[in-house]
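If you read the sequence from its start, that first residue is 1, and numbering goes on from there. Read the numbers this way: they start at 1 and go in the same order the structure lists the ligands and their atoms.
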Amino acid sequence: MSNEPVIELKHIGKTYFMEGGLSQEVLKDINFTVTKGEFVAIMGPSGSGKSTLMNILGCLDRPTVGSYILAEQEVSHLSDNQLAEVRNKSIGFVFQNFNLLMRRTIADNVSLPLIYRGMSDKARRETALKYIDMMKLAGNQDRIPNQLSGGMQQRVAIARALATEPTIILADEPTGNLDSTTSDEIMELFTDLNKAGKTIVLVTHEPDVASYATRLIRITDGRKEYDGLVKNYKELSK
Ligand SMILES: Nc1ncnc2c1ncn2[C@@H]1O[C@H](COP(=O)(O)OP(=O)(O)OP(=O)(O)O)[C@@H](O)[C@H]1O
Ligand SMILES: [Mg+2]
């Protein structure tokens with residue numbers, strides 16, 4: 001594993017401001033670095049700020065304070081358009097509910113993020129088929145998501161996340177809607193991707209899912225409470 005930093009968070013805070021002058025400080029002084037090739041699980045109670053943190057990591061949202069350096073670029077103060085550009089170039093996001101376009105084919109879903117690359121239709125389809133193949137979905141390219149099982153749909157989402165060859169794969173409870181056997185299949189895929197060099201950060205409530213990662217970051221009430229090897233986190237096995 002190289003020591004090349006992919007993600008550097010320094011004193012990240014996030015406060016949501018609501019109507020009526022109410023505000024809620026959801027992330028407090030979060031600091032950590034993720035280096036190339038790491039496989040990190042983020043855990044913590046419901047409402048502790050995990051998704052808020054993932055949305056910042058994924059350039060879907062900005063921190064209120066602090067510095068976020070993604071692949072050597074400071075991204076905490078970028079405009080929405082600039083963030084979208086960074087997102088398309090550097091981030092592969094996998095969501096709990098798959099987030100597929102239900103009226104489009106599997107090939108279309110996977111090739112869609114490549115539109116912004118200025119690739120020809122043919123090149124986009126070829127790239128999509130390569131990742132559909134890699135996710136063991138060969139033959140399904142012209143079907144629509146509803147014709148596939150939940151596990152297969154999540155594999156389509158992972159193929160879509162990979163197609164742009166992002167710097168990092170972010171997954172927010174990617175197995176949250178799947179049964180335990182299918183969860184294990186998906187986690188084996190993430191493990192293979194990580195072994196092939198992909199950097200992965202994944203949120204989960206499930207100790208079994210977290211145990212596929214090497215490093216665990218635990219968030220409680222918006223603060224980092226634990227950051228170390230998964231296997232050293234005793235409470236995981238309780
Ligand atoms: N857009 C928003 N506006 C206001 N408050 C928000 C917003 N998004 C999240 N919050 C609040 O921030 C806190 C953290 O939410 P977040 O979704 O990050 O938690 P989480 O750790 O992902 O929880 P879960 O495990 O249930 O997914 C919660 O109290 C939530 O109500
Ligand atoms: Mg969440």
Task: Passing candidate, side-chain hydrogen bond (donor to acceptor under 3.5 Å, both in side chains) with Ser67, options His11, Glu8, Glu74, Lys10 - done: Glu74
- [ ] Test Tyr212 against every option in Thr204, Asp184, Thr175 by the side-chain hydrogen bond (donor to acceptor under 3.5 Å, both in side chains) rule and name the one that passes.
- [x] Asp184
- [ ] Collect the protein residues that have a non-hydrogen atom under 4.0 Å from ligand 1 and hand them over in chain and number order.
- [x]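 Ligand 1 is contacted, at a heavy-atom distance under 4.0 Å, by Tyr16, Gln24, Val26, Pro45, Ser46, Gly47, Ser48, Gly49, Lys50, Ser51, Thr52, Glu173, His205.
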Open item on the list: The criterion is side chain to side chain donor-acceptor pair (under 3.5 Å); which residues satisfy it with Lys198, sequence neighbours excluded?
Closed with: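 Listed in chain order: nothing, the list is empty.
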Task: is_close_aromatic(Tyr233, Tyr226), centroid dist under 6.0 Å - done: yes
Task: Ser51 near the Mg ion (ligand 2) via N/O/S, less than 2.8 Å - done: yes
Task: Arg117-Asn88 side chain donor-acceptor pair, cut-off 3.5 Å - done: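 The answer is yes; a qualifying pair exists.
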Task: Among Thr105, Leu100, Asn140, Val156, the one residue meeting side-chain contact (heavy atoms from CB on, under 4.5 Å) with Pro145 - done: Leu100
